[in-house]
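Scroll down for the structure; my scribbles are underneath it.
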Amino acid sequence: MSLTPNRIEVGNRTMSVQPLFTEARIKARVAELAAEISQAHGSQENLVILVVLHGALLFAADLVRGLTMPTEIETVRLRSYHGTESTGAVELVGALPSLQGKHVLVVEDIVDTGKSISFLKERLATAGLRSLKVATLLDKPEAHGPETAPDYTGFSIGRNFVIGYGLDLDGRYRNLPYVAELVAL
């Protein structure tokens, strides 16, 4: 895989890779989000960053470095995609960490249909959290209802499938330093 593919094979289809957000634009927006979250949360109380693996790992690492409050980092793994299609079912892989009495910021790579974030919020609703907010790099507001809208959004996008900066296609292309959409040829 070249670090800047123009086309990739998806099943038996060839798809064009069209960059949406450059590395520099992502870096600037993540810094803005970190400042916004820091201002809203304050600098004294601890904030637990709950990273949704594996897609949000790169975004979370960059975001945490810009936060001004003390942080803890926990992870959770959800599964809902196969290839470019949602399976329609969300499953928790492993257990949730203990978060009772904590301020929690869920960091997600993308809010698409909203099923994954709804699933996770339902699980966290009984965990005795002091507060819960959601930050996402990408949001597809056309694909979900307002009840699953994130509190902090890097970029809003349309319904196309995207890769790069942590987002994958069957585990590949996470290492692209930009976000690109796949378009059928």
Out of curiosity, [X] [atom1] to [Y] [atom2], how far, rounded to the nearest 0.5 Å?
| X | Y | atom1 | atom2 | answer |
| --- | --- | --- | --- | --- |
| S118 | E147 | OG | CD | 6.0 Å |
| E181 | R159 | CD | CZ | 14.0 Å |
| L50 | L105 | CG | CG | 9.0 Å |
| Y165 | L58 | OH | CG | 6.5 Å |
| D62 | L57 | CG | CG | 10.0 Å |
| E108 | T153 | CD | OG1 | 11.5 Å |

[Y] and [X], any side-chain heavy atoms less than 4.5 Å apart:
| X | Y | value |
| --- | --- | --- |
| T71 | V48 | no |
| D151 | I37 | no |
| N160 | L182 | no |
| K121 | L132 | yes |
| M15 | F161 | no |

Worksheet, complete the sentence: Checking K102, E72, M69 against L47 for side chain to side chain contact (heavy atoms under 4.5 Å, CB included), the one that qualifies is M69
Worksheet entry | Name of the residue among I117, V179, V52, V162 meeting side chain to side chain contact (heavy atoms under 4.5 Å, CB included) with I110 | V162
Measure across [X] and [Y] and return the closest heavy-atom pair with its distance rounded to 0.1 Å.
| X | Y | value |
| --- | --- | --- |
| V107 | A60 | CG1-CB, 3.8 Å |
| V17 | A180 | CG1-CB, 3.5 Å |
| T136 | L33 | O-CD1, 4.5 Å |
| D109 | G55 | OD2-CA, 3.2 Å |
| I157 | P141 | O-CD, 3.8 Å |
| S38 | L67 | OG-CA, 3.4 Å |

Linked, directly or transitively: [X] and [Y] (ILVMFWY side chains, under 4.5 Å):
| X | Y | value |
| --- | --- | --- |
| Y152 | I49 | yes |
| V64 | V134 | no |
| V111 | V76 | yes |
| L120 | V104 | yes |
| L137 | F21 | yes |

Worksheet item: Which residues satisfy the salt bridge (Lys or Arg N to Asp or Glu O under 4.0 Å) test with R77, sequence neighbours excluded?
Response: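 Partners of R77 by the salt bridge (Lys or Arg N to Asp or Glu O under 4.0 Å) criterion come out as none, since no residue qualifies.
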Discussion item. One pair to check against side chain to side chain contact (heavy atoms under 4.5 Å, CB included): H54 and R174. What are the steps and the verdict?
Written reply: CA-CA 9 Å; H54 294 293; R174 290 187 196 280; 3.6 Å; yes
Worksheet item: Is there a side chain to side chain contact (heavy atoms under 4.5 Å, CB included) between L92 and F119 once you walk through the steps?
Response: CA-CA 9 Å; L92 179 64; F119 174 89; 3.9 Å; yes
Item to complete: Assign the ring pair H41 / H103 to parallel, tilted or perpendicular, where the plane angle (0 to 90°) is split at 30° and 60°.
Response: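 Rings of H41 and H103: perpendicular, as their planes differ by over 60°.
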Worksheet item: Between I73 and V51, does a side chain to side chain contact (heavy atoms under 4.5 Å, CB included) hold up when you go through it step by step?
Response: CA-CA 7 Å; I73 299 174; V51 183; 4.0 Å; yes
Taking everything shown except [X] itself, do over 12 heavy atoms lie less than 6.0 Å from its [atom1]?
| X | atom1 | answer |
| --- | --- | --- |
| E23 | CD | no |
| K133 | NZ | no |
| E9 | CD | yes |

Practice prompt. Go through F155 and R25 one step at a time and tell me if the side chain to side chain contact (heavy atoms under 4.5 Å, CB included) criterion holds.
Written response: CA-CA 10 Å; F155 303 99; R25 189 164 176 208; 3.8 Å; yes
Discussion item. Applying the side chain to side chain donor-acceptor pair (under 3.5 Å) criterion to H144, which one of T113, D139, D112 satisfies it?
Written reply: D139
Discussion item. Main chain of G154, side chain of R29: is a donor-acceptor contact present, judged purely on distance under 3.5 Å?
Written reply: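 Such a contact is found between R29 side chain and G154 backbone.
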